[in-house]
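Take a look at the structure below.
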Amino acid sequence: MLDAALIAECRSQDGIVALGGETMGTRWNARLALAADRDAAPLAGIIQARLDAIVAQMSHWEPGSLLSRHNRAPAGSWTELPADFAAVIAGALTVAERSGGAFDPAIGRLTDAWGLGPRPVDRAPDVAAIAAARADCGWQRLAYDAETARLRQPGGVWLDLSGIAKGYAADAVADALAAAGVRHALVEVGGECVGRGVRPDCDPWWVELETPEGFALPPLRVALHQLAVATSGDYLRGAHTLDPATGRPPAQAATAVSVIHPSCMLADAWASALGVLAPAPARALAERELLAARLLFRDGTEWLSSALAAML
């Protein structure tokens with residue numbers, strides 16, 4: 001839905017300023033609609049500081065992060081979560097429940113066993129190693145007290161928020177820019193995008209959905225006006241997604257899943273969930289949750305949810 005107040009702010013004399021940097025083992029980019037006399041340098045600092053704070057809380061690569069300290073905490077202990085971490089945990093547990101565990105924020109032991117974290121491995125884990133890792137996984141084992149924003153460590157469970165944190169970071173950067181007076185921007189963190197407001201020409205921020213090589217499909221562009229898009233799949237970095245139900249990379253899932261949603265955090269998590277399911281369950285889940293989703297399957301076919309088809 002168009003935001004009339006934001007569109008009314010559109011100023012053709014503004015320009016588009018591009019900023020970028022590094023975070024979370026990838027890059028961030030932002031395109032800002034700015035007046036000619038506005039200095040963009042402080043905005044780059046605001047963005048980088050915002051992202052650095054999220055990494056300090058939720059990175060499973062940084063041994064000193066709050067997440068890593070929670071993973072090492074003794075059984076029965078509680079970790080007080082700052083607002084960012086609390087928001088991500090609440091969102092992650094909601095999607096975990098709604099997806100029947102297809103998305104699981106407590107899968108860190110498995111991602112570690114497969115070498116998808118800071119500890120490299122020279123071979124895939126065997127059946128025994130997968131079973132041992134799965135014994136210490138499972139979102140149902142987590143206890144989160146929303147009133148006090150405390151998370152309980154049941155003992156040996158490792159969090160891995162890589163399937164939701166980049167989306168949250170994109171939202172957080174867009175919010176930080178808005179607080180700094182920049183309400184018209186396109187923000188991207190590691191491929192997850194948030195569009196706020198409009199371009200100086202009053203057009204929305206257009207983004208082309210990622211399509212793997214080999215797909216004979218026309219480009220699919222979406223208008224990100226107060227919307228976000230996240231894409232999950234194995235077409236860029238190989239099998240880096242694990243099915244919590246098996247502890248292995250999914251064999252029959254889509255090769256690429258894109259979800260459009262007002263929240264990039266939730267788009268990211270839902271794309272991760274749909275990306276581990278077989279085609280029929282993935283389509284059924286997207287329709288049940290009214291998700292605007294595109295699934296690209298390994299046979300070269302494309303499927304659009306009813307919600308996405310209605311947007312085009």
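Heavy atoms only: backbone and side chains are in, while hydrogens, waters and symmetry mates are out. Here, residue 1 is the first one in the sequence, and each next residue gets the next number. Nothing here was measured: the structure is a model prediction, and the numbers come from that model.
With hydrogens and angles ignored, the 3.5 Å screen pairs no side-chain donor or acceptor of Ser68 with any backbone N or O of Gly64. With hydrogens and angles disregarded, no donor-acceptor distance shorter than 3.5 Å links the side chain of His261 to the backbone of Leu266. Judged purely by atom type and a 3.5 angstrom limit, Asp171 uses its side chain to pair as donor or acceptor with the backbone of Met265. Distance alone, capped at 3.5 Å, is enough to place a donor-acceptor pair between the Glu192 side chain and the Thr231 backbone. With hydrogens and angles disregarded, no donor-acceptor distance shorter than 3.5 Å links the side chain of Thr301 to the backbone of Phe297. Panel note: side chain Arg134, backbone Ala245; a donor-acceptor pair is recorded below 3.5 Å. Side-chain N or O atoms of Asp268 include one that pairs as donor or acceptor with a backbone N or O of Gly167 at under 3.5 Å. Listed for the Arg72 side chain is no donor-acceptor partner under 3.5 Å among the backbone atoms of Gly156. Not a single donor-acceptor pair under 3.5 Å links the side chain of Glu210 to the backbone N or O of Gly233. Although no hydrogens or angles enter the test, the distance criterion places a donor-acceptor pair under 3.5 Å between the side chain of Glu287 and the main chain of Ser306.
If you chain together hydrophobic residues whose side chains sit under 4.5 Å apart, Phe215 and Leu295 never meet in one group. In terms of hydrophobic clustering, with Ile, Leu, Val, Met, Phe, Trp and Tyr side chains grouped at heavy-atom distances under 4.5 Å, Leu81 and Val88 are assigned to a common cluster. Leu142 is connected to Leu66 through a chain of hydrophobic side-chain contacts under 4.5 Å among Ile, Leu, Val, Met, Phe, Trp and Tyr, so both are in one cluster. Grouping the Ile, Leu, Val, Met, Phe, Trp and Tyr side chains by contacts below 4.5 angstrom, directly or via other members, places Trp158 apart from Ile130.
When all heavy atoms are compared, the tightest approach of Pro200 to Gly15 is CG-O, 4.0 Å. Here the closest non-hydrogen pair linking Ala96 and Pro105 is CB-CD, 4.1 Å. For the pair Cys193 and Cys264, the tightest heavy-atom approach, listed with the atom from each and the gap, is O-SG, 3.8 Å. Closest non-hydrogen pair, Gly20 versus Asn29, comes out as CA-OD1, 4.1 Å. Summarising the geometry of Ala253 relative to Arg298, their closest heavy-atom pair is O-NE, 3.0 Å, with the distance given to 0.1 Å. When every heavy atom of Leu242 is checked against every heavy atom of Val276, the shortest pair comes out as O-CG1, 3.6 Å.
Evaluation of the salt bridge (Lys or Arg N to Asp or Glu O under 4.0 Å) rule for Asp201 yields Arg199 as partners, not counting sequence neighbours. Here Trp78 pairs with Ala143, Asp145, Arg150, Arg152 under the side chain to side chain contact (heavy atoms under 4.5 Å, CB included) rule; sequence neighbours left out. For Arg109, there are no side-chain hydrogen bond (donor to acceptor under 3.5 Å, both in side chains) partners two or more places apart in sequence or in a different chain.
Judged by distance alone, the side chains of Ser59 and Ser65 never bring a donor and an acceptor atom under 3.5 Å apart. Between the side chains of Thr111 and Arg119, not a single donor N or O lies within less than 3.5 Å of an accepting N or O.
To the nearest 0.5 Å, the span separating CH2 on Trp139 from CD1 on Ile89 amounts to 12.5 Å. In this structure, Tyr144 OH and Thr79 OG1 are separated by 12.0 Å, a value rounded to the nearest 0.5 Å. We find the CE-NE2 distance between Met58 and His70 to be 13.5 Å, quoted to the nearest 0.5 Å. Arg69 contributes atom CZ, which lies 13.5 Å from atom CD of Gln153 (distance to the nearest 0.5 angstrom). If you take CG on Asp243 and CD1 on Ile107, they are separated by 8.0 Å, rounding to the nearest 0.5 Å. Atom CZ of Arg183 and atom CD of Gln226 lie 8.5 Å apart (nearest 0.5 Å).
Using a 4.5 Å heavy-atom cutoff, the side chains of Arg294 and Thr211 are in contact. Thr241 places none of its side-chain heavy atoms less than 4.5 Å from the side chain of Pro249. Glu188 places none of its side-chain heavy atoms less than 4.5 Å from the side chain of Trp28. Under the 4.5 Å side-chain criterion, counting only non-hydrogen atoms from C-beta, Leu43 is in contact with Leu34. Proximity of Leu159 to Phe85: side-chain heavy atoms (C-beta onward) are separated by under 4.5 Å at one or more points.
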| query | Checking side-chain contact (heavy atoms from CB on, under 4.5 Å) for the pair Val182/Arg196: CA distance, chi angles, key distance, verdict? | reply | CA-CA 9 Å; Val182 181; Arg196 299 283 178 87; over 6 Å; no
| request: Quick one: do Leu274 and Leu285 satisfy side-chain contact (heavy atoms from CB on, under 4.5 Å)? Show the steps, please. | output: CA-CA 8 Å; Leu274 296 176; Leu285 180 60; 3.8 Å; yes
| message | I'd like to know whether Leu296 forms a side-chain contact (heavy atoms from CB on, under 4.5 Å) with Leu217, so could you lay out the CA-CA distance, the side-chain angles of the two residues, the decisive distance to 0.1 Å, and finally the verdict. | response | CA-CA 10 Å; Leu296 300 181; Leu217 297 170; 3.6 Å; yes
| said: Tyr168 vs Ile54, test: side-chain contact (heavy atoms from CB on, under 4.5 Å). Steps then yes/no. | reply: CA-CA 9 Å; Tyr168 179 80; Ile54 292 171; 4.1 Å; yes
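Heavy atoms of other residues, nucleotides or ligands lying less than 6.0 angstrom from CZ of Arg123 number 12 at most. A 6.0 Å sphere centred on CD of Glu208 holds more than 12 heavy atoms belonging to other residues, nucleotides or ligands. More than 12 heavy atoms of other residues, nucleotides or ligands lie within 6.0 Å of CD in Gln140, so this atom counts as buried by the packing criterion.
Evaluation of the salt bridge (Lys or Arg N to Asp or Glu O under 4.0 Å) test over residues 77-105, restricted to residues two or more places apart or in two chains, returns Arg50-Asp84, Arg98-Glu289. The salt bridge (Lys or Arg N to Asp or Glu O under 4.0 Å) contacts involving residues 24-48 comprise nothing, where partners must be two or more places apart or lie in separate chains.
Under the 4.5 angstrom side-chain criterion for Ile, Leu, Val, Met, Phe, Trp and Tyr, the cluster partners of Leu220 are Ile16, Leu186, Trp205, Val207, Leu209, Val222, Leu224, Leu227, Val229, Ile260, Leu304, Leu308, Met311, Leu312.
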